[in-house]
Amino acid sequence: MKNLLMLFLVISVFSCKTNVETTVNKKSEKPNILLIVIDDQGYADFSPFKEHDKSISTPNITRLGKSGTVFTQAYVTAPVCSPSRAGILTGKNQFRWDKPASWGPGLPNNVKTIAEYLKEAGYETARIGKNDLGRNFHKYNVREYPLNHGYDEFLGFSAHAHDYWLSSNKIKERTPDPYGTSALLGPLMHNMGEKSYEEGYLTDILTDESIAYIKRKREKPFFLTLAYSAVHHLIHEVPKKYLDKYGAKEIPNYDPDSLMAFEKYKPGTYSAYYDKYSRVGAIKAEELRNYYLANLNCLDDNIGRVLDALKEQKLDKNTLIVFISDNGGSPLTGANNAPLTGGKYALWEGGIRVPLAISWAGNVAANKVETRYVSATDILPTLLNAAGMPVKDETLDGISLLKPDPNRLLVWKWQKTWAVRQGDWKLTNTNENHWKSEPSVQYIAPIVDNMELKLFNVETDPGERLDLAKKFPEKVKELEQAYVNWCEANIQQ
Ligand SMILES: [Ca+2]
């Protein structure tokens, strides 16, 4: 009898482990799904990784990571916001339809989103925060607007960035160019109208609204995409208590009456203010990271509030959470991508390898570090699988996050550059591209700045320090051909 009991225990433990690792939800109850998208977080600034930069303070992101599985080799489909977000949302490489592989892939009618699938699976859907698909900013009656691609509700902004402090009608009316750049200020878009906030800090506002959404009484499971704009520039815009903690001096907010004369812009424009503080120089390179740390710390406290709200509502056990940064840390904000080279704006590992975590109590292994490479396109099939929704689309690029394939082919196309990864190898023609100013001191410069083919073993050399193209010409040829073949078969002509 005792032996039988032991055998039963062993079998139970074993099958439990198997369930945890393969994760197909057999429960009839569908989980709530929370997809948290962060903006421009550095690879080394993700505390669930053992080798993270110790200057960050993000205990809540650590808590989230430990409650599930974190991925040390998670790739997004582009090194900047819009195309990467299109990849996350659709489970596809956005250059399938955006042949120039541009900043603005947009969202065609025939490409289905996670929100559309989950709505069909019986979910209530909402997007709170940044909606940035690179086209048709600030417009309601376009496919890119969340209400037209599967979300029942939207509160946020449709652009690359929004001022962290200025979300009122009043400031919009006083500003000569409220939509002057790819960033904006003023009221947030809210369903088919707007919502003005006289005061408040954007990261706090997005959290408050998300908590209110989570707390709502409902019959159906929810799918909430919470897309923070932190830690995108304007990185210096942070509540004072965080600035004080990191010894960062407060910088005055934008004010239309203040005279800021720059050659390119009229005095008093938001464009001038945004441009000034979205490059290194106005804030000294060596001081920039203090602002970044303050901004990230504030974001972390807000993520803690969301996690606490789920617990308080007793939803923590049946909510699947995915946490991802849309691209690597920016060279212009003081983010740290170490040991990866480069950053946002280019296909070096620092631009496309990002923090990623998935958590779902009892279904996804907790406290686990997955070192095999995965893609942000895997989020869609993973979520649909959890929701019990079959995926039939053969042009999907994603597979399950929980079953990584160590030999799969991943491809990237970003403007005139491209990259391909298969197994341990990465081939790329990427150059260095740190955009509009000198990079911050955290930036690790790539070994070369040209568009010749470079071959790296990114398993043993994630920092891409040793170009092996000359040593392994056959591997170069093989991977280049794999990239060409993929494009010929999949990019719409
Ligand atoms: Ca971004």
Side-chain angles (χ1 to χ4, degrees), residues 35-46 61 74-90 93-95 98 101-107 127-135 137 144 156-164 181-184 202-203 206 225-237 274 277-280 288 291-292 295-296 299 303 322-337 340 342-356 375-377 379 412 414-415 433-436 439-440 442-443:
L35 171 59
I36 302 176
V37 183
I38 304 301
D39 215 341
D40 298 2
Q41 186 181 15
Y43 184 80
D45 300 327
F46 187 54
I61 293 175
Y75 289 104
V76 285
T77 59
V80 299
C81 311
S82 311
S84 166
R85 282 156 194 262
I88 293 170
L89 194 63
T90 64
N93 288 324
Q94 69 291 342
F95 41 88
D98 181 38
S102 68
W103 285 85
L107 185 65
R127 183 177 191 98
I128 294 177
K130 173 165 163 173
N131 175 57
D132 175 8
L133 295 168
R135 275 186 210 167
F137 290 157
E144 287 75 15
F157 59 95
S158 208
H160 292 319
H162 189 287
D163 196 274
Y164 284 94
T181 62
S182 59
L184 77 159
L202 188 57
T203 306
L206 301 180
T225 302
L226 170 52
Y228 286 109
S229 55
V231 283
H232 191 281
H233 41 236
L234 302 174
I235 200 72
H236 69 276
E237 296 187 338
Y274 188 84
Y277 289 109
S278 55
R279 62 175 75 227
V280 181
L288 203 50
Y291 291 95
Y292 175 91
N295 204 310
L296 183 64
L299 170 69
I303 287 173
V322 171
F323 174 104
I324 189 168
S325 177
D326 66 341
N327 50 254
S330 168
L332 307 178
T333 57
N336 185 357
N337 294 315
L340 310 179
K344 183 179 179 182
Y345 309 116
L347 293 178
W348 300 99
E349 291 288 281
I352 52 174
R353 200 196 276 200
V354 299
L356 172 67
S375 163
T377 58
I379 293 171
W412 292 265
W414 166 234
Q415 298 180 318
N433 185 352
H434 48 72
W435 207 230
K436 57 187 176 180
S440 70
Q442 283 70 33
Y443 184 72

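Counting convention: from 1, in listed order, for ligands and their atoms alike. The shown structure was predicted, so the numbers you read here are calculated from the model rather than taken from an experiment.
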Sequence-distant partners of Ala101, side-chain contact (heavy atoms from CB on, under 4.5 Å), two or more places apart:
Phe95, Lys413
Is there side-chain contact between Asp326 and Val76, with at least one heavy-atom pair below 4.5 Å?
no
Using the side-chain contact (heavy atoms from CB on, under 4.5 Å) criterion, which residues pair with Gln442? Sequence neighbours excluded.
Arg289, Asn336, Ser440
Among Tyr345, Trp103, Trp348, which residue meets the ring-ring contact (aromatic ring centres under 6.0 Å, His included) test with Trp414?
Trp103
Smallest separation among heavy atoms of Leu89 and Arg127, with atom names
CD1-NH1, 4.2 Å
Can you tell me which residue pairs pass the salt bridge (Lys or Arg N to Asp or Glu O under 4.0 Å) test with a partner in residues 345-356, sequence neighbours excluded?
Glu349-Arg353, Glu349-Lys426
The Ca ion (ligand 1): protein N, O or S atoms [distance under 3.0 Å]
Asp39 OD1, Asp40 OD1, Cys81 SG, Asp326 OD1, Asp326 OD2, Asn327 OD1
